[in-house]
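This chain uses plain numbering: 1 for the first residue, then up along the sequence. Hydrogens, waters and symmetry mates are skipped; everything else that's a heavy atom, side chains included, is used.
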Amino acid sequence: FLFQSETKLYNGSDKDVPTSGGKLTKKESLKVQKKNYREEKKRATKELLSTITDPSVIVMADWLKIRGTLKSWTKLWCVLKPGVLLIYKTNKNGQWVGTVLLNACELIERPSKKDGFCFKLFHPLEQSIWAVKGPKGEAVGSITQPLPSSHLIFRAASESDGRCWMDALELALKCSGLLKRTMIQYSREHSLLANKGKCQYRPRSDRKAAGFHGFIDYIFFPRFNDSDHLKDPDLYSDKSDREQDHEESDAEGLEKSDESDSDTSERQDDSYIDLDPNENLQETPYMEQSHEELGEAGEASQTETVSEENKSLIWTLLKQVRPGMDLSKVVLPTFILEPRSFLDKLSDYYYHADFLSEAAVEENAFDRMKKVVKWYISGFYKKPKGLKKPYNPIIGETYRCMWLHQRTNSKTFYIAEQVSHHPPVSAFYVSNRKDGFCVSGSILAKSKFYGNSLSAILDGEARLTFLNRGEDYVMNMPYAHCKGILYGTMTLELGGQITITCEKTGYSAQLEFKLRPFLGSSDCVNQILGKIKLGKEVLATLEGHWDSEIFINDKKTGTMETFFNPTPDLRQNRLTRCTVPPEEQGEYESERLWQHVTRAINNKDQTEATNEKFFLEEAQRKSARERKAKCEDWIPALFEQDPVTGEWHYRYTCFSRRRPSSHVYFTDHSGSLL
């Protein structure tokens, strides 16, 4: 016989419970028990949904720093409700990151050397602590740094704040059911107050008595609308408890449960792709770069005396142009060519990508901007000996390489493609997912002739993104200016105004690459000036030479120190670049495509270099004529253009749950791993 109290333990309710003297059959009794079982589950789900979806039911809410799997800290808005901890990117509760289910969690204080107070929320059996959906049914949370699945480490601003959170979490962990029922009951008793949109204030003494040490200023109580809370009754139910009853069949039409066992400990994320286990993917081999040419600092490596033979070639060239003309369609003589493609040259900016790795984990926004500026400047001191110009890439040409980060044991991948020839547009994509950054952009190369000088203008933007912060740093490029073409010494300089802006933080940097004045001394060569601002306030100024030492002057402290200096030691210890062996390269990859031109230039055979260069360019013109005759447009293999913004995006980035999250894999259109 079942006593009423015992039956309630099994059914979760004392409604329609048969007493020992009842005349219900065993089958009818089981039917009632199942009905009560389902009603109790719905009641528990409704109760939890009421507390989660109603914005006024809050036990505690404030900013906390949370440590991610990359061991960096992110400041997130944490909202503690009975039974759950909701995490958002902003305090407007509009960008949901995740929901922690507290019923299976343990809480412990964590020692820390840094300021503040640390505590850890964890599952004792290292199972997932996350709900599979958000408060509004979201399946994917806002992008932030990767967070652990079985635990979270929090840091409060002070010990008093941390103790307050510990007390509130202890209460939520051990008394979540009592909290839910108390808050719901209190709300129903004060429905009139709630319907007027007011909040019930608790005296500070009451809050301290409840375990909150003066941290919460007020508590909101909910307004209930049952129909709103049951749009998805399975949203927060325990799905691992679902089961299909194959033993009983109700002849009277008792509805069967369509629930089935499922493992929902893994959070679903649309940014991951399950790959076919039978697909044949081969990782591209890389080898360390064997040779690299570095020019010296100063003006010496940027000047060149033209021989009499080459002067005649220049005069022949100048007869074809006029001042102000765009030189993109003019065939340049090979003696001024640097033996590598422009796509290769764009990769020079990532020999110090470790500065970006440091910036990605830097908590202070001002220091983060400084590291970004330092990385930007570090891409210019690598220059060829003499006045040289890289090859103009042909349409469809690609280039790829990577850098090894010894300190973080990661890799920075670079891939670029010439997506258009007229106008000449180069698109590129750089990624180091383990260290938390990527760069994308496109450059439209234009040249202008001014008589005794010409300028190579790089029109376009690069967008640096810190993945764990959702911050974008947008920047442009300086132009290259060559003077002394007709008379004087041919000299190459950099000039122009540069801006680096981060809309999210409000920080920006302005850099000016200054050309040497007509009567300027050698100290005026390669000068750079700049300033770092927050809004309109100037926080620091920069001055120096972009190929040697640059100083920074902090306006608040008045101190001046070296900001960047490409010393021999820094050059020696920069990142190691690895390239694809020629035999592994595709037909349109830069090194293989231009190999005969490069060999002729290195052998100082200008005639052979000119012939080989003409052969490549003529093949490109022929292909263009054929496409025009067929009314076909060129479709890039690796990049696609956003029809709204005009930005070029790398289309074959692919991430899979089956692969380690610390690696990034690029695939080309043939399915090969880059």
Side-chain angles (χ1 to χ4, degrees), residues 286-305 338-340 344-359 362 367 370-390 401-412 414 430 432 435 439 477-478 480 489 491-494 498 509 511 513-514 516 520-530 540-553 559-579 602:
Y286 283 87
M287 65 178 184
E288 186 173 334
Q289 184 173 340
S290 58
H291 173 71
E292 181 183 9
E293 188 178 67
L294 277 173
E296 299 177 356
E299 189 179 14
S301 62
Q302 296 167 226
T303 60
E304 184 167 338
T305 302
E338 180 183 3
R340 60 170 178 159
D344 182 354
K345 189 173 183 65
L346 284 176
S347 70
D348 288 351
Y349 296 95
Y350 305 97
Y351 279 95
H352 293 285
D354 49 335
F355 292 163
L356 295 180
S357 300
E358 296 172 5
E362 175 59 56
D367 292 335
K370 288 195 293 184
K371 291 182 184 296
V372 171
V373 174
K374 182 189 292 188
W375 161 76
Y376 182 89
I377 294 174
S378 71
F380 294 100
Y381 73 83
K382 182 182 185 298
K383 49 190 176 180
K385 296 178 180 178
L387 195 155
K388 300 295 181 182
K389 176 191 176 299
C401 61
M402 75 170 183
W403 290 263
L404 302 176
H405 295 243
Q406 300 294 337
R407 184 176 302 176
T408 58
N409 192 28
S410 65
K411 299 174 182 178
T412 293
Y414 169 92
V430 183
N432 186 327
D435 288 358
V439 184
M477 300 283 289
T489 303
T491 306
L492 182 66
E493 299 179 88
L494 295 181
I498 306 302
L511 302 175
F513 289 80
K514 298 181 71 66
R516 179 179 178 178
S521 64
S522 59
D523 189 56
C524 299
V525 176
N526 299 340
Q527 271 193 326
I528 185 172
L529 301 176
T541 58
L542 301 167
E543 60 178 319
H545 300 82
W546 52 260
D547 63 341
S548 57
E549 192 168 15
I550 299 175
F551 299 92
I552 183 170
N553 182 10
T559 59
M560 179 176 284
E561 59 184 3
T562 298
F563 181 68
F564 177 74
N565 190 7
T567 61
D569 183 60
L570 182 138
R571 298 186 183 207
Q572 183 70 26
N573 294 306
R574 63 185 185 160
L575 299 182
T576 301
R577 190 174 86 152
C578 299
T579 57
N602 290 335

Which heavy atom of A480 sits nearest a heavy atom of L492, and at what distance?
CB-CD1, 4.0 Å
Under a 4.0 Å threshold between the charged nitrogen and the carboxylate oxygen, would K514 count as salt-bridged to E543?
no
Using atom types as modelled and distance alone, determine if a side-chain donor or acceptor of D344 lies under 3.5 Å from a backbone N or O of R340.
no
If we ignore angles and hydrogens, is there a donor and acceptor under 3.5 Å between the side chains of H352 and Y381?
yes
From L511 atom CG to L494 atom CG, the distance as rounded to the nearest 0.5 Å
12.0 Å
Please check: side-chain N/O of Q289 versus main-chain N/O of T576, any donor-acceptor pairing under 3.5 Å?
no
Flag this pair as yes if the NZ/CZ of K374 is under 6.0 angstrom from the six-membered ring centre of F564 and inside a 45 degree cone about the axis; otherwise no.
no
Assess the side chains of R577 and S347: does a donor N or O sit below 3.5 Å from an acceptor N or O?
yes
Between R571 and D547, what is the shortest heavy-atom contact and its length?
NH2-O, 4.4 Å
How long is the gap from CZ on F563 to CD1 on I528, to the nearest 0.5 Å?
9.5 Å
Between P478 and Y376, which heavy-atom pair has the shortest distance, and what is it?
CD-OH, 3.4 Å
Smallest separation among heavy atoms of H405 and D354, with atom names:
CE1-N, 3.7 Å
Minimal heavy-atom distance between H545 and I550, with the atoms involved, is O-CG1, 3.4 Å
Minimum heavy-atom separation for N432 and S410, please, with both atom names.
ND2-OG, 3.1 Å
When F380 is tested against each of W375, Y351, F513 for ring-ring contact (aromatic ring centres under 6.0 Å, His included), which residue passes?
F513
Is K345 paired with E338 through a side-chain N to carboxylate O contact shorter than 4.0 Å?
yes
